[in-house]
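Along the sequence shown, residues carry numbers from 1. We count ligands from 1, going down the list as the structure has it; atoms in each ligand are counted the same way. Values below: every heavy atom of this structure, side chains too, minus hydrogens, waters and symmetry copies.
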Amino acid sequence: MKYISTRGNAPELSFAEAMLTGLARDGGLYVPKKIPTMAHDEIAALAGLSYEEIAFRVMKPFIGESFSDDEFKGIIERAYAGFRHEARAPLVQLAPNHYLLELFHGPTLAFKDFAMQLIGQLFQFELNRRGERVTIVGATSGDTGSAAIEAFRGLDNVDVFILYPEGRTSDIQRKQMTTPDDANVHALALDGDFDDCQARLKDMFNDFEFRDGVKLAGVNSINWARVLAQVVYYFSSAVSLGAPHREVSFTVPTGNFGDIFAGFIAKQMGLPIEKLVIATNQNDILHRTIETGAYTKEGVKPSISPSMDIQVSSNFERALFFAYDRDGDAVAQLMEELKDGSFTISQGAMETLRETFTSGRASEEETMATIKAEFSASQEVLCPHSAVAVKVANEQLSETPMITLATAHPAKFPDAVEKAMGVHPELPPHMADLMEREERSCKVPNQLALLETLIKDRIASR
Ligand SMILES: *Cc1c(COP(=O)(O)O)cnc(C)c1O
């Protein structure tokens, strides 16, 4: 199994190499050269298996020779052992034909744990085998950072630096990043928004001297292994509702397009998915793109669903690569145009995208109203991101069962939830003292050279 860049101009890599590399050297993202498929009876045989066993069967064809079966099984077991729900990703019914996939039972209470816990185990295993160390730098709007810190804290062969936009995460998200006291964890509060964090991270990857000097590795959803881990729960949930014997649809609260792109991969693998619905908050670049075919950046407006406050949606590049029939040059051209703020997608590529994707958006008021209404209707307490998705899903209900992804625990966003429904959502007992723990963080300017120096100094002084 080989991986190629969406911009067609970087070396082909194995799974382990693509995972340790993150961003391709031509600025593109790694994708499988050929997407493996699962036959109807192989999918049917997943029914009733544990989450871990489904994970093994779904991901195995993408791993190639990088890990033996036993190694990979052990990695998966360890990755999900810390989840607080036996099913890992339980499905609850909201209404006739509408189900909620609860992805927030991991250690940091957001779906990012599914990928990050796995990637932590994969990195540890592979780095030990190679006797190497890496510097992980991640950009976060809140949840990726806490999930990455939780997955990599205390590991000898990894330093983890997280850039988060100062003042734009929820208090709980910030606390989860700034309270771990392990020497290899570095939380950096950047003077800017999430897109600035992501842009500086990309700059570091494109500065080859720095990149090679610190052995830079990325765990943002540009990392293929993240996307792969998320493919699993599309299978586990669809099969529990009768796939492959019947079709299902999914609605996904979307920011960087990583989670929903995993659904696209599941569909390419043979899972009968009718529609993948992109749900955005008021930062609706993806919704506008599906409607008009023009991908046009506007300023980010901070919302009550901060993990979706994004304008440049990294993984959309992967969808474009497939919509343009794997034409790396065409994708590179679009990304060049984006430097001036926008590009227009060809009619053929738009038709391909619309075969799979539809979209909708939720305003701040609609998101609040949905939290309240869903609690009255089903007693389910939604986080604001999940509420965006439920609002959009409700507009798309049909004969086909709809599975809406609940991406975070409501207690991660207590202010918005309390304002919407008048009840303060409580943190689970193991995190109850989070707000009292001491914080460690470092304010940093939005300047590449200063950031690189700080990172080099911190590594040298360890
Ligand atoms: C990251 C995140 C999202 C968006 O996921 P993408 O893969 O970036 O589209 C949605 N909800 C929550 C709670 C998140 O943490």
Side-chain angles (χ1 to χ4, degrees), residues 29 100-116 119 138-150 162 164-165 168-170 172-174 176-177 194-195 197-198 219-231 233-234 250-265 276-281 283-287 289 300 303-319 357 359 361-362 367 371 381-392 404-414 416-417 425:
L29 281 68
L100 193 73
L101 183 58
E102 291 185 349
L103 299 174
F104 50 72
H105 297 285
T108 70
L109 311 181
F111 85 95
K112 303 275 189 329
D113 289 323
F114 277 89
M116 213 60 89
I119 220 183
T140 187
S141 53
D143 292 328
T144 298
S146 43
I149 287 170
E150 197 57 40
I162 297 298
Y164 66 92
R168 301 207 188 204
T169 64
S170 82
I172 307 251
Q173 288 176 318
R174 191 193 68 247
Q176 284 182 325
M177 293 188 280
F194 170 69
D195 287 319
C197 295
Q198 187 156 258
V219 295
N220 274 90
S221 55
I222 52 175
N223 194 310
W224 167 257
R226 288 260 319 265
V227 174
L228 178 58
Q230 294 166 2
V231 175
Y233 47 70
Y234 285 89
F250 289 90
T251 301
V252 186
T254 304
N256 235 337
F257 211 77
D259 206 6
I260 196 164
F261 185 72
F264 174 82
I265 295 291
L276 287 167
V277 185
I278 300 166
T280 73
N281 66 21
N283 296 295
D284 59 354
I285 185 166
L286 290 166
H287 175 52
T289 302
V300 174
S303 79
I304 55 170
S305 43
S307 302
M308 296 155 67
D309 288 348
I310 286 173
Q311 282 297 316
V312 182
S313 199
S314 303
N315 279 288
F316 194 59
E317 176 167 344
R318 287 189 161 114
F357 297 105
S359 67
R361 87 191 277 278
T367 306
I371 293 175
V381 183
L382 299 171
C383 90
H385 310 77
S386 313
V388 165
V390 167
K391 186 266 175 186
V392 172
T404 296
L405 274 52
T407 47
H409 192 288
K412 247 187 141 164
F413 304 93
V417 173

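No donor-acceptor pair closer than 3.5 Å links the side chain of Glu150 to the backbone N or O of Pro107. Counting only distance, with no hydrogens or angles, the side chain of Ser146 and the backbone of Gly142 share a donor-acceptor pair below 3.5 Å.
Applying the salt bridge (Lys or Arg N to Asp or Glu O under 4.0 Å) test to Asp143 and every residue at least two apart in sequence or in another chain returns Lys412.
In summary, the side chains of Asp309 and Asn283 do present a donor paired with an acceptor at a separation below 3.5 Å, with no hydrogens or angles considered. Using a 3.5 Å distance cut-off with no hydrogens or angles, the side chains of His385 and Ser305 do not pair a donor with an acceptor.
Every protein residue with a heavy atom nearer than 4.0 Å to ligand 1 is included here: Phe111, Lys112, Asp143, Pro253, Thr254, Gly255, Asn256, Phe257, Gly258, Asp259, Ser307, Met308, His385, Thr407, Ala408.
Between Phe257 and Phe261, the ring planes lie tilted relative to each other; the angle falls in the 30° to 60° range.
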